Amino acid sequence: MATNRLYRSRNRVLGGVLAGIAEYFAIDVILARVIYVLLSLFSAGFPGLLVYIICWAIIPEKPIEMQ
């Protein structure tokens with residue numbers, strides 16, 4: 001049984017967090033980024049930036065052999 005794990009993607013713009021989340025949920029990367037930006041704007045921006053930085057530190061990068 002294959003398990004789906006959350007990793008930061010190597011297909012990145014900044015830290016690979018949103019691309020990794022998009023890969024995990026099997027959605028388009030652009031859609032994940034647009035949803036994140038909209039949620040960040042409606043939450044006054046700062047909490048979204050803080051969550052991104054925390055995720056960048058916590059979520060491991062995808063191993064090279066898994067690409």
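If you're wondering where the values come from, they're calculated on a predicted model, not measured in any experiment.
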If the condition is side-chain contact (heavy atoms from CB on, under 4.5 Å), which residues does Ile58 pass it with, not counting sequence neighbours? Ile54

How would you list, by chain and number, every residue that makes a side-chain contact (heavy atoms from CB on, under 4.5 Å) with Val34, sequence neighbours excluded? Ile30, Leu38

Is there a path of hydrophobic side-chain contacts, each under 4.5 Å between heavy atoms, that joins Val29 and Ile35? no

I need the full list of side chain to side chain donor-acceptor pair (under 3.5 Å) pairs touching residues 13-25, with sequence neighbours left out, sorted by first then second residue. Ser9-Glu23, Glu23-Lys62

Look at the side-chain heavy atoms of Ile, Leu, Val, Met, Phe, Trp and Tyr, link any pair under 4.5 Å apart, and say whether Val37 and Val51 land in one connected group. no

Identify the two heavy atoms, one from Ala32 and one from Ile27, that lie closest to each other, and give their separation to 0.1 Å. CB-CD1, 4.0 Å

Rounded to the nearest 0.5 Å, what separation is found between the OH atom of Tyr7 and the CD1 atom of Ile21? 15.0 Å

Is the backbone of Leu18 close enough, under 3.5 Å, to the side chain of Tyr52 for a donor and an acceptor to pair up by distance? no

Return the minimal non-hydrogen interatomic distance between Arg8 and Gly15, and the atom names on each side. NH1-O, 3.3 Å

I need the Leu31 CG to Phe25 CZ distance, nearest 0.5 Å. 12.0 Å

Should Leu14 and Ile59 be regarded as members of a common hydrophobic cluster, given that ILVMFWY residues are connected when their side-chain heavy atoms come within less than 4.5 Å of each other, either directly or indirectly? yes

